[in-house]
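Reviewing the structure listed below.
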Amino acid sequence: MVHGLDTVGTASEAVSVKEDTAGFERFVAPVNYVVTLASSIALVIASFVLSYSVASRYFFHFSTDWQDEFSVFLIVGAVFMSAAAVQARRGHVAIEAFSAMLSRRANRIRLFLVDVASLAFCAFFAWKSWILLHEAIVEGYRTGSTWQPPLWVPYSLMTCGMVLLSIQLILQVATHISRWNKPV
Amino acid sequence: MSILSIGLLYGGSTLLVMFAGMPIAFALGAVATIFMIAFMPSSSVDTITQNVYEEMASITLLSIPLFILKGAAIGRSRAGQDLYGALHAWLHRIPGGLGIANVFACALFAAMAGSSPATCSAIGSAGIPQMRKHGYSGGFAAGIIAAGGTLGILLPPSITMILYAVAAEQSLGRLFLAAIGPALLLVVLFTAYAMWRFRLEYANAKAAYEKSGTHSEILRIDNLSMREKFALLPRVLPFIVLLTGVMIALYGGFATPSETAGLGAVLALALIAIIYSVWTPSDLEPILMSTLRESTMLMLIIGMSLLYSYVMSYLHISQSTAEWIVSLHLSRWILLVTILLMVVVLGFFLPPVSIILMTAPIILPPLRAANFDLIWFGVIMTIVMEMGLIHPPVGLNIFVINNIAPDIPLRDVMWGVLPFVGLMILGVVILCFAPGIATWFPDQVMGAGH
């Protein structure tokens with residue numbers, strides 16, 4: 001179910017990485033499952049927190065100073081943490097307009113290059129996230145609101161999520177390499 | 001290097017990596033990062049993750065996953081079928097009533113779920129077999145559902161509208177209200193076409209029957225008692241209450257858009273638990289997982305699109321392109337048509353979220369300079385992107401229909417949706433001549449001038 005877009009099938013080459021990188025996969029798959037479960041619970045908690053915000057303001061006239069930021073942390077955390085699990089299913093939407101025009105071998109090379117480029121970007125982003133997290137801890141960064149929660153909380157979720165995503169992409173690149181000499 | 005060269009390089013490299021098949025989110029992020037390293041001070045590269053986080057940590061944008069959760073909860077229950085069943089019972093005596101019931105069910109379901117493919121899937125899985133059983137041609141039945149489903153990105157709470165509100169810095173409440181009139185216009189156009197097409201298919205079936213005695217199901221008339229009709233209402237009413245309740249919370253000033261999203265999600269989960277007994281972990285798991293998959297994919301595209309736009313703006317690419325478009329001194333209608341054609345072409349390849357966030361910095365200044373109302377344009381742009389959901393070559397809804405009704409050949413589905421593409425173009429033309437259809441209602445509710 002997608003709002004105007006769908007996972008238009010980078011799935012073609014996709015998911016079956018089991019036999020080639022089984023050990024690595026055995027480690028990553030349960031991690032992805034637990035993270036996804038925690039992330040979906042975070043989304044539900046965010047819904048309840050925002051509903052509580054309406055009820056407490058309307059019925060009890062409480063001020064609502066922490067609910068928005070708490071929900072932002074939960075949702076941003078859920079999004080970054082589950083990015084690897086989505087990538088494991090090739091769920092990040094891509095344009096596959098030319099895949100049908102290429103030979104299977106050319107497609108294999110194309111997907112390898114795409115995964116390497118994706119890995120390079122995500123690893124760079126994970127590294128920069130780590131630097132930001134380190135700075136936030138050392139400098140004691142906080143948000144500018146009246147509640148002032150520490151920023152290392154969402155930054156750590158962003159860093160962990162991008163590291164997991166990079167590991168997932170390493171797994172997919174490794175799968176390409178291990179299949180390189182097998183017939184197309 | 002001149003801004004023109006950098007701009008061409010930026011656009012060209014984006015197209016290259018996207019068409020190579022790199023996921024859109026990573027492609028936008030990677031191109032933006034490379035251009036930051038090459039053309040921007042190193043200090044800006046150091047803040048890349050902070051930029052993405054700060055752009056994403058907007059509570060308005062983060063209402064998107066919660067609206068998706070609300071839609072997934074309703075979409076995965078039997079609500080769509082119940083809604084369709086009740087409308088069919090009440091409208092079946094009108095000529096083409098079954099088709100009309102499907103259009104209405106799509107509109108109402110889209111307003112509850114906020115998703116085009118979810119609407120197609122939920123209403124179409126019940127509606128298409130019923131229409132076929134009653135003798136409607138496959139293409140006609142598929143066209144009704146595919147087009148009806150597109151209302152999901154127009155009617156509130158539309159994700160596309162949320163993004164446009166953020167990108168164009170317009171009031172989300174006003175945009176939501178502005179979409180209601182045009183959505184009703186499209187419903188009227190689709191309904192009129194459904195009646196006309198039904199009469200045509202009915203006349204053909206009757207002529208065939210009189211000529212050769214071949215009986216078609218389209219000639220059969222259903223009769224449902226008032227008792228049967230009223231028996232179907234209780235299952236639908238709670239969802240109508242949810243729909244109106246959420247709207248009242250938003251426009252009555254009780255809740256912000258993000259709180260409305262949270263409240264809607266909680267109420268939708270509560271309703272499916274009470275009415276359909278969907279509450280066990282195994283029932284909820286697919287709802288939560290699909291929400292998370294879609295939300296993550298969308299939010300990463302949004303975050304990276306915003307980074308992409310930031311780099312485009314820092315390097316003066318968007319400003320220079322916008323100034324160049326203004327300097328052409330095109331007549332305002334030629335400017336509008338050119339921009340909409342560009343949106344149509346981009347819609348062949350890109351999802352609406354990327355189209356909005358990537359093009360807004362370029363197309364909105366010239367439109368503002370040409371005195372177009374940006375709320376009105378948001379509605380027009382959304383309808384044009386709706387067309388992208390049903391026209392070939394991508395036409396996501398076509399493939400959703402193909403999935404739920406594989407017995408209808410893809411060719412028939414494509415021919416079936418084309419009249420609806422024409423109706424949407426007609427809708428856009430009507431809105432150009434009568435912009436009040438979009439702007440009157442928000443002006444009444446929220447006051448004129450913004």
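Below, chains carry the letters A, B, ... as their sequence lines are ordered, and counting in each starts from 1.
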Over all heavy atoms of both residues, which pair between V114(A) and G21(B) is shortest? Give the atoms and the distance, please.
CG1-O, 3.7 Å
Would you sort out whether S129(A) and T49(B) count as a side chain to side chain donor-acceptor pair (under 3.5 Å), showing the intermediate values?
CA-CA 6 Å; S129(A) 303; T49(B) 49; 4.7 Å; no
M56(B) side chain near I75(A) side chain, heavy-atom distance below 4.5 Å:
no
What part of V86(A) lies closer than 4.5 angstrom to a heavy atom of chain B: side chain, backbone, both or neither?
side chain
Between Y52(A) and V266(B), is there a side-chain heavy-atom distance shorter than 4.5 Å?
no
Please report the interatomic distance CZ(F125(A)) to CD1(I48(B)), rounded to the nearest 0.5 Å.
6.0 Å
I need the minimum non-hydrogen distance between A83(A) and L300(B), along with the two atoms involved.
CB-CD1, 3.8 Å
CE/M297(B) to OG/S82(A) distance, rounded to the nearest 0.5 angstrom?
11.5 Å
Do L66(B) and L50(A) have side-chain heavy atoms sitting under 4.5 Å apart?
yes
Check whether Q87(A) gets within reach of chain B through its side chain, its backbone, both or neither, counting any heavy atom under 4.5 Å.
side chain
Is there side-chain contact between L74(A) and L62(B), with heavy atoms separated by less than 4.5 Å?
no
If you round to the nearest 0.5 Å, how far is OG of S51(A) from CG of L267(B)?
6.5 Å
Check each of L298(B), I301(B), V353(B) against V93(A) using the side-chain contact (heavy atoms from CB on, under 4.5 Å) test, and report the only one that passes.
I301(B)
ring-ring contact (aromatic ring centres under 6.0 Å, His included) filter on F59(A), not counting sequence neighbours, yields none
Heavy-atom cut-off 4.5 Å, strictly under: side chain, backbone, both or neither for I37(B) against chain A?
side chain
Nearest-0.5 Å distance, CD of residue E259(B) to CD of residue Q67(A)
8.0 Å
Tell me the closest heavy-atom pair linking P23(B) and A94(A), and the distance in Å.
CA-CB, 3.8 Å
List, one per line, each side-chain donor-acceptor pair under 3.5 Å for residues 131-139 of chain A, sequence neighbours excluded.
{"residue": "E135(A)", "atom": "OE1", "partner": "Y141(A)", "partner atom": "OH", "Å": "3.1"}

Would you check, one step at a time, whether the test side-chain contact (heavy atoms from CB on, under 4.5 Å) holds for L288(B) with L43(A)?
CA-CA 8 Å; L288(B) 294 173; L43(A) 284 187; 5.8 Å; no
Measuring heavy-atom distances to chain A, does I24(B) have an atom under 4.5 Å in its side chain, in its backbone, in both, or in neither?
both
4.5 Å side-chain heavy-atom contact, L292(B) and T36(A)
yes
Under 4.5 Å to a heavy atom of chain A? For V52(B) that would be side chain
Check the angle between the aromatic planes of H92(A) and F26(B) and answer parallel, tilted or perpendicular using the 30° and 60° thresholds.
tilted
Measuring heavy-atom distances to chain B, does F48(A) have an atom under 4.5 Å in its side chain, in its backbone, in both, or in neither?
both
Please rank M289(B), M299(B), K70(B) by heavy-atom pairs under 4.5 Å with chain A and give me the top one.
M289(B)
Identify the two heavy atoms, one from V54(A) and one from F254(B), that lie closest to each other, and give their separation to 0.1 Å.
CG1-O, 3.7 Å
With F70(A) via ring-ring contact (aromatic ring centres under 6.0 Å, His included) - residues at least two apart
W66(A)
When rounded to the nearest 0.5 Å, the distance separating OG of S47(A) from CG of L269(B) is 7.0 Å
Tell me, with the steps shown, if F121(A) and V17(B) meet side-chain contact (heavy atoms from CB on, under 4.5 Å).
CA-CA 12 Å; F121(A) 168 67; V17(B) 288; over 6 Å; no
Does any backbone or side-chain atom of S121(B) lie under 4.5 Å from a heavy atom of chain A? Answer side chain, backbone, both or neither.
neither
Need one label for E386(B): side chain, backbone, both or neither, based on atoms under 4.5 Å from any heavy atom in chain A.
neither
When rounded to the nearest 0.5 Å, the distance separating CE of M22(B) from CZ of R110(A) is 12.5 Å
Side chain from CB out, backbone as N, CA, C, O: work out which of these in L157(A) comes under 4.5 Å of a heavy atom of chain B, or both, or neither.
neither
Write out, in numerical order, the residues from residues 146-156 of chain A with a heavy atom short of 4.5 Å from a heavy atom in chain B.
L151(A), P154(A), Y155(A)
